[in-house]
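A short worksheet on the structure shown next.
Source: prediction; values computed, not measured.
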Amino acid sequence: MNILLWVLQVLLALAFFAHGCLLLFPPAAIVDQMNASLPRWFQLFLGVAEILAAVGLTLPGATRIQPRLVSWAAAGVMIVMICATIFHTMRGEVSSAVTTAALLAVATFVWYMRWRIAPIGRRPTSSRASA
């Protein structure tokens with residue numbers, strides 16, 4: 001189960017990192033289309049938030065420093081994906097809504113499993129440090 005969760009965390013992190021970079025550094029060919037959909041300040045906010053989510057899904061677990069932050073990052077992703085699914089559904093963008101709903105399902109699974117079933121343990125403390 002731990003391996004499956006790590007695979008899902010890394011895949012979510014890659015997806016959110018890539019989308020965050022797209023929002024922060026959009027290709028010239030689609031800038032006008034993106035600006036017509038969302039204001040630039042909101043694109044920048046989402047881009048930074050998605051890159052931070054990617055970091056939060058991986059770094060705390062990999063370093064085992066504050067590993068509970070992985071479930072918090074997954075919860076943040078859930079909120080963003082609920083909003084994105086509603087946004088795309090209201091615009092009639094069915095394929096995008098299905099994609100964001102699938103990402104929501106994966107993030108929800110990671111959140112629940114890392115919160116309740118298979119949390120990542122903290123880094124063991126050295127006995128020398130306490131001596």
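Looking only at distances, a side-chain donor or acceptor of R64 sits under 3.5 Å from a matching main-chain atom of G121.
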Can you give each donor-acceptor pair under 3.5 Å made by side-chain atoms of residues 13-22, sequence neighbours left out, with the distance rounded to 0.1 Å?
| residue | atom | partner | partner atom | Å |
| --- | --- | --- | --- | --- |
| H19 | ND1 | E50 | OE1 | 2.6 |
| H19 | ND1 | E50 | OE2 | 3.3 |

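The structure places CG of L57 at 11.0 Å from CG of L69, a figure rounded to the nearest 0.5 Å. Expressed to the nearest 0.5 Å, how far CE of M78 lies from CZ of F109 amounts to 13.0 Å. Taking CG of L44 as the start and CG of L24 as the end, the distance is 6.0 Å to the nearest 0.5 Å. Note that the CD1 atom of I3 and the CG atom of L8 stand 12.0 Å from one another [nearest 0.5 Å]. Remark: L11 CG to W6 CH2 distance equals 12.5 Å, nearest 0.5 Å.
S71 and W111 make their closest contact through O-CD1, 3.1 Å (heavy atoms, listed as atom of the first residue, atom of the second, distance). The heavy-atom pair separating A74 from A107 by the smallest distance is CB-O, 3.8 Å. The heavy-atom pair separating V70 from P60 by the smallest distance is CG2-CB, 4.1 Å. Of all non-hydrogen atoms in A118 and R114, the two that sit nearest each other are O-NH1, 2.7 Å.
Annotation: side chain to side chain donor-acceptor pair (under 3.5 Å) contacts of R123 (sequence neighbours excluded): none. Q66 meets the side chain to side chain donor-acceptor pair (under 3.5 Å) test with R68; sequence neighbours excluded. Listed by chain and number, the residues in a side chain to side chain donor-acceptor pair (under 3.5 Å) with R40 are Q43 (sequence neighbours excluded). Residues satisfying the side chain to side chain donor-acceptor pair (under 3.5 Å) test with T100, not counting sequence neighbours, are T85.
Summarising the hydrophobic clusters (Ile, Leu, Val, Met, Phe, Trp, Tyr; side-chain heavy atoms under 4.5 Å, direct or chained), the residues clustered with L59 are V55.
Linking Ile, Leu, Val, Met, Phe, Trp and Tyr residues whenever their side-chain heavy atoms come within less than 4.5 Å leaves L52 and W72 in two separate clusters. Both M90 and I82 sit in one connected hydrophobic cluster of ILVMFWY residues. Membership requires side-chain heavy atoms under 4.5 Å apart, directly or through other members. There is no path of hydrophobic side-chain contacts, each under 4.5 Å, that joins V10 to M81. In this structure, M1 is not a member of the same hydrophobic cluster as I120, with clusters built from ILVMFWY side-chain heavy atoms closer than 4.5 Å. Residue V77 is grouped with residue M113 when hydrophobic side chains (ILVMFWY) are merged at heavy-atom distances under 4.5 angstrom, including chains of intermediate members.
Other residues, nucleotides and ligands contribute more than 12 heavy atoms inside 6.0 Å of the CD1 atom of I117.
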### Task
For R91 and S37, run side-chain contact (heavy atoms from CB on, under 4.5 Å): C-alpha distance rounded to whole Å, both residues' side-chain angles, the deciding distance at 0.1 Å, then the answer.
CA-CA 10 Å; R91 293 171 50 100; S37 298; 3.5 Å; yes
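With contacts defined as side-chain heavy-atom distances shorter than 4.5 Å, the pair V98/H88 does not qualify.
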